[in-house]
Amino acid sequence: MAPLTRAKASSSRVAPILIQRDSDDSDHYHSSSSDFDDEEQVGAGDSSDDEDMGTNGLPTSEELHHEPPNTTSNAPPRITISLKKICKVCKGTGHEAGFSGATYIDCPRKPCYLCKMPGHTTMSCPHRVAMEHGVVPAPRRNTSTTLDYIFQRQLNPNIPMIKPAFVIPDQLTCGIIRFHSRRVTCLEFHPTKNSVLLSGDKKGQVGIWDYSKLHEKTVYNSIHTCIVNNIKFNTDNDGTMYASSSDGTVSCTDLETGVPFVMLDLNPNGWIGPAAWRMVYGMDINTEKGLVLVADNFGCLYFLDTRSRTRAGGPFLIHRKGTKVVGLNCNPVEPGLLLSCGNDHFARIWDIRRLEAGSSLDNLRHGRVVNSAYFSPRTGSKILTTSIDNRIRVWDSIFTNMESPSREIVHSQDFNRHLTPFRAEWDPKDPSESLAVVGRYISENYDGVALHPIDFIDTASGKLVAEVIEPDITTISTVNKLHPRDDVLATGSSRSLFIWRPKEDIERMQEQPGRKAKEFIIRMGDKKSKGKGSIDSDDDSDLGFKGKTSKTKKYEKSYTSGKIKKSKGVC
DNA sequence: AGTGGATGCGGCC
DNA sequence: TGGCCGCCCTCCAC
């Protein structure tokens, strides 16, 4: 459109502009190497190459060529614009990276954006087209076969008799926006009040939302001054929440009053420069010992006493000095076991009764920064980690050799500087401890719309169980939390929150007299909100739904054929 | 050289 | 026009 606009804008009084298209003027990009070798010289006097164009300040893929002024006539000099394709990624010619409709075309000169291997693009990545969504075969056998399962059951009778069907909350029920004024960074369900969701954002706001009543929301602005990295509850006192923040503090806040008590301030002398500023990232609660465990961006762990609300231990150096400890997780069965992960590319297992530098029980090496590491929620015997090397890793048993993971699942979860890091999380209700939820970074083309699904992955097989999308949610859903008791998924996507339920639940609601499912689909804003607002109300701006009627769809993708099938069935 | 951290900017109402 | 929104390969320093 731009060239046409320019051509139209040029009147006959200014220099004529010739627009010459690059000769390989194809709408479709072919990823053969010849495409970026045939850099044609287009236009008279075209001596320009990449250097001539400059590395910056070239906003379009056009080249301007000023021909020498014609001194023999009064005709203005001719300007030729050639529409030579310039790749915005490698600045090379003959190909272009970027969206073509709702499909993203990779730069063929770069390694695959998904698996990071050279030689192919994301479009043709074997992990993208694989039936099992890119699972790397386990170096050791696991419990995924029937025979193994029987053996395991003989050894451990607590293993459930039958692996139950996964329940996928895939139908959008509530959406709320402008609840947060910056992107959502963490979510936590209330431990006893089933429909209360707490959320933190980049700005330091903490939201408390009762999604069953829709309008019952409270936002506290004064608990933290910047990124809320974690929210946790002490099960002994569910009226109090703990939050850790990049402002360097850990707060203990009464939910009713919103008045925080600062349990830890790692920057008591205030700002003395970015190099010295400490931020609190990982946090978990050890209920047995009455401890809040937190960790900072200098590789240190601290203990806080929940009763005296003061520091009870630390700092203990648990990751490479000066690197960020991103996550902490206490083992649900043996709370003395602590799992930490950080920017030093490791997840580490510790016995908190014996903490010394280098005393970790196990060190789980990753390809790059580890965003999260969690013990499995029931037995605590498995480990699930998320790394920005685009791999989810699963260790099937912490009682065996931990040298390498049981499985590596290739999954798009790169960190983008504007996004909250992706974290794959267990479904706490799954008795088989295999279902995990995680948002996907790269988009898929769903009927001409680029959408970022929320993936449910069977970590026992690496198989993608379901990809949950909503045609009206076009943002990346980085923060996902499954309810500890209900079949509910909460999603933080950009600055919006969403609640999902299984389709069956929605239908059950519809069957109840006087109750409609659409009551649960509501749009709400700060200024005005509509009680039983239907999805196609005119208050779209507050929800980010772009004037469309919400039709929750489920798509089933055929990976072998590469085609997308619509399906209303259950995955 | 590789990687972590920072927060800009184009598109759209 | 200005402010808001959200981000598929930046850019720089260590």
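Bear in mind that the values here come from a model prediction, so they are computed numbers and not experimental data. Numbered from 1 within each chain, the chains take letters A, B, ... in sequence-line order.
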Would you classify A:Y104 as touching base, sugar-phosphate or nothing, given that sugar-phosphate means primed atoms plus P, OP1 and OP2, and contacts are heavy atoms under 4.0 Å?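 Base, at least one base atom sits under 4.0 Å.
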
How far, in whole Å, is [M] from [N] if one measures between their [atom1] atoms?
N: B:dG4; M: C:dC7; atom1: P; value: 23 Å
N: B:dC12; M: C:dT10; atom1: C1'; value: 23 Å
N: B:dC13; M: C:dC9; atom1: C1'; value: 29 Å
N: B:dA6; M: C:dG6; atom1: P; value: 23 Å

Rounded distance (Å) that lies between atom [atom2] of [N] and atom [atom1] of [X]:
X: A:K91; N: C:dC11; atom1: NZ; atom2: C1'; value: 11 Å
X: A:N229; N: B:dG5; atom1: CG; atom2: C1'; value: 14 Å
X: A:N390; N: B:dT3; atom1: CG; atom2: P; value: 14 Å
X: A:I388; N: B:dG2; atom1: CD1; atom2: P; value: 16 Å
X: A:Y113; N: C:dT10; atom1: OH; atom2: P; value: 10 Å
X: A:K88; N: C:dT10; atom1: NZ; atom2: C1'; value: 11 Å
X: A:D344; N: B:dT3; atom1: CG; atom2: P; value: 14 Å
X: A:I473; N: C:dG6; atom1: CD1; atom2: P; value: 11 Å

Would A:K232 count as a cation-pi partner of A:Y242, with NZ or CZ less than 6.0 Å from the six-membered ring centre and within 45° of the ring normal? no

Within 45° of the ring axis of A:Y113 and under 6.0 Å from its six-membered ring centre, is that where the NZ or CZ of A:K116 lies?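 Yes, A:K116 and A:Y113 form such a contact.
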
Mind checking what makes ring-ring contact (aromatic ring centres under 6.0 Å, His included) contact with A:Y104, not counting sequence neighbours?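 Result, ring-ring contact (aromatic ring centres under 6.0 Å, His included) vs A:Y104: A:F99.
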
Sequence-distant partners of A:H366, ring-ring contact (aromatic ring centres under 6.0 Å, His included), two or more places apart: A:W395

Pairs under 3.5 Å (N/O, protein and nucleotides 6-11 of chain B):
residue: B:dT7; atom: O2; partner: A:H418; partner atom: ND1; Å: 2.9

Look at the side-chain N and O atoms of [X] and state whether any lies under 4.0 Å from the OP1 or OP2 oxygen of [N].
X: A:R495; N: C:dG6; result: yes
X: A:H345; N: B:dG4; result: yes
X: A:N297; N: B:dG5; result: no

With distance as the sole criterion, do the side chain of A:D106 and the base of C:dC9 form a donor-acceptor contact below 3.5 Å? yes

Of the options C:dC7, C:dC9, B:dG4, whose atoms approach the side-chain atoms of A:T475 most closely? C:dC7

Between A:V449 and A:P471, what is the shortest heavy-atom contact and its length? CG1-O, 4.5 Å

A:Y302: partners by side chain to side chain donor-acceptor pair (under 3.5 Å), with sequence neighbours left out: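 Counting only residues at least two positions away or on another chain, A:Y302 forms a side chain to side chain donor-acceptor pair (under 3.5 Å) with A:R278, A:D296.
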
Looking at residues at least two apart in the chain, or sitting in another chain, which of them share a side-chain contact (heavy atoms from CB on, under 4.5 Å) with A:S372?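 Once residues adjacent in sequence are excluded, the partners of A:S372 under the side-chain contact (heavy atoms from CB on, under 4.5 Å) criterion are A:Y374, A:T386, A:R423.
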
Partner residues of A:K88 under the salt bridge (Lys or Arg N to Asp or Glu O under 4.0 Å) criterion, sequence neighbours left out: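 A:K88 satisfies salt bridge (Lys or Arg N to Asp or Glu O under 4.0 Å) with no residue once adjacent residues are dropped.
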
